[in-house]
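Some notes on the structure that comes next.
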Amino acid sequence: MSSSSFESLNLDEFSLENPVNCSAGRRSRLVYLSRNSSNFAEVEDLFNKGWRHGKKARPHIQGIFKILWPDSNLEPYLQYRKQVQVRVRARNEAGNEKLLFHGTNRACLLGESSRNVLLCGLKECYLCSILRASFDVKKCGTKNAFKRFGHDACLRTLLVNRVVVGRPYKRYRNAPNLVKPPDGFDSVTGEIGWDLNHEETVCYTNDAVRPAYLIVYGHKPKDLPKPSFKTLMSTIFKTPLVS
């Protein structure tokens, strides 16, 4: 076994320092996945099975990005997962870690193409804020009035997150005043029933969640035929041109 292979065994799969991710370059936090990769197939399957809009056609996935993290950001998550695993002894030996969806606002063009991988600095872009430092549970549920996907974006985005669910406390009714799970539980899971028409999992600590993948989906508008020189000049000067 090579030294790089040995090192990768001791680093998290989503670590920016893991040699298996070096092809992405040290400056890139997002890795565009090939449609032939096992990661792409796994996330695509989650997306297809998780689509709950029965009256709407399931949109096409345009691309999936793997999200890499510095070890300093991953370590609190991995330590929390280890602590939960010791307590719940989950079968997956990872604190009952699950991949769960989260939708948020995007104010830039991140992910619009395989080359759009740099995080923006816009304060109103919740997506890039999450990708820069992960989730802040204090900001859960906050809203603003800016245009949801930016003025030039034609696709939508969805985060797939690693979530340490641990031992979930299941509820069928809303509980807006709940600020933490009951003693002995690690998260709260809303089950489809009286108040919910879809499942929802809530964690109350930042260390329980780390974004893992970014899905870009929707239908790109068809390219319009390029206008002829004559048409272009006529449009600019708003006068007909002599043949």
Side-chain angles (χ1 to χ4, degrees), residues 10-18 20-22 24-33 39 43 46 63-85 94-112 114-150 153 155-166 179-181 186-188 200-216:
N10 295 281
L11 291 171
D12 188 75
E13 177 188 357
F14 295 87
S15 170
L16 192 63
E17 306 303 322
N18 195 320
V20 300
N21 298 320
C22 65
R26 292 299 179 182
R27 293 184 178 180
S28 179
R29 291 277 313 285
L30 270 62
V31 180
Y32 186 75
L33 297 179
N39 289 135
V43 177
L46 281 174
I64 298 176
F65 297 82
K66 182 179 180 181
I67 302 168
L68 305 182
W69 293 93
D71 287 345
S72 58
N73 190 289
L74 276 176
E75 189 60 26
Y77 172 82
L78 297 176
Q79 286 296 324
Y80 176 79
R81 187 180 70 176
K82 184 178 180 180
Q83 294 170 8
V84 172
Q85 172 60 24
N96 194 19
E97 180 186 75
K98 295 184 178 181
L99 290 176
L100 301 176
F101 297 113
H102 178 81
T104 191
N105 294 338
R106 173 174 60 135
C108 66
L109 297 178
L110 186 75
E112 283 288 302
S114 61
R115 298 183 298 275
N116 288 36
V117 295
L118 296 180
L119 307 185
C120 77
L122 299 174
K123 293 182 179 180
E124 62 269 28
C125 188
Y126 283 14
L127 175 61
C128 286
S129 295
I130 292 172
L131 293 180
R132 184 170 289 107
S134 193
F135 288 91
D136 184 349
V137 296
K138 295 179 181 178
K139 297 181 180 179
C140 179
T142 57
K143 296 181 179 180
N144 54 36
F146 75 98
K147 193 172 180 180
R148 185 173 180 85
F149 299 109
L155 300 173
R156 297 196 174 200
T157 56
L158 183 67
L159 286 171
V160 181
N161 308 283
R162 302 160 78 187
V163 181
V164 179
V165 177
V179 295
K180 67 177 183 177
D186 304 291
S187 61
V188 174
E200 183 174 349
T201 299
V202 179
C203 295
Y204 297 83
T205 173
N206 295 336
D207 294 339
V209 188
R210 285 297 182 274
Y213 299 99
L214 175 67
I215 299 177
V216 183

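What you see below is based on every heavy atom in this structure, not just the backbone, and it leaves out hydrogens, waters and symmetry mates.
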After noting the C-alpha distance and the side-chain angles of R210 and N73, does the key distance pass the side chain to side chain contact (heavy atoms under 4.5 Å, CB included) rule? CA-CA 9 Å; R210 285 297 182 274; N73 190 289; 2.8 Å; yes

For L159 and L127, what are the C-alpha separation, side-chain angles and deciding distance, and is it a side chain to side chain contact (heavy atoms under 4.5 Å, CB included)? CA-CA 9 Å; L159 286 171; L127 175 61; 3.9 Å; yes

Working for side chain to side chain contact (heavy atoms under 4.5 Å, CB included), residues V117 and Y32: CA-CA 8 Å; V117 295; Y32 186 75; 5.7 Å; no

Full working for side chain to side chain contact (heavy atoms under 4.5 Å, CB included) between L214 and L110: CA-CA 10 Å; L214 175 67; L110 186 75; 4.2 Å; yes

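In this structure, SG on C128 lies 9.5 Å from CG on L118, to the nearest 0.5 angstrom. Atom CG in N18 sits 8.5 Å away from atom CG in D71 (nearest 0.5 Å). Atoms CD and SG, on E124 and C108 in that order, are 9.5 Å from each other to the nearest 0.5 Å.
Remark: the backbone N or O of S134 is not paired with any side-chain donor or acceptor of W69 at under 3.5 angstrom. With hydrogens and angles ignored, the 3.5 Å screen pairs a side-chain donor or acceptor of N161 with a backbone N or O of L100. Under the 3.5 Å distance criterion, the side-chain polar atoms of T157 are left unmatched by any main-chain donor or acceptor of G111. One N or O on the side chain of N96 and one on the backbone of G166 form a donor-acceptor pair closer than 3.5 Å. For the pair R81 (side chain) and P76 (backbone), a donor-acceptor distance under 3.5 Å is absent.
In the model, Q79 has no side-chain atom that pairs as donor or acceptor with a side-chain atom of Q83 under 3.5 Å. A donor atom on one side chain and an acceptor atom on the other are found under 3.5 Å apart for E97 and Y77. A side-chain N or O of N21 and one of K66 form a donor-acceptor pair less than 3.5 Å apart.
Within the 4.5 Å cutoff, side-chain heavy atoms of H102 are placed close to those of F135. The side-chain heavy atoms of I67 and F14, taken from C-beta on, include no pair separated by under 4.5 Å. Side-chain contact between I64 and V216 is absent, with no heavy atoms from C-beta onward closer than 4.5 Å. V137 is not listed as a side-chain neighbour of Y204, based on a closest heavy-atom distance of 4.5 Å or more. In this structure the side chain of F101 reaches within 4.5 angstrom of the side chain of L46, judged on heavy atoms. Using a 4.5 Å heavy-atom cutoff, the side chains of L74 and L11 are not in contact. Taking the side chain as every heavy atom from C-beta outward, V31 and L68 approach each other to under 4.5 Å. Looking only at side-chain heavy atoms (C-beta outward), S187 and V202 stay at 4.5 Å or farther from each other.
Closest of all the heavy-atom pairs between V163 and C203 is CG1-SG, 3.5 Å. Looking at every heavy atom in both residues, P211 comes nearest to L131 through CB-CD2, 4.2 Å. When all heavy atoms are compared, the tightest approach of L109 to N116 is O-ND2, 3.0 Å. Pairing each heavy atom of P70 with each of R29, the nearest pair is CD-NE, 4.2 Å.
Using a 4.0 Å cut-off between charged nitrogen and carboxylate oxygen, R162 and D12 count as a salt-bridge pair. The existence of a salt bridge linking E112 and R106 is confirmed by a sub-4.0 Å separation between a basic side-chain nitrogen and an acidic carboxylate oxygen.
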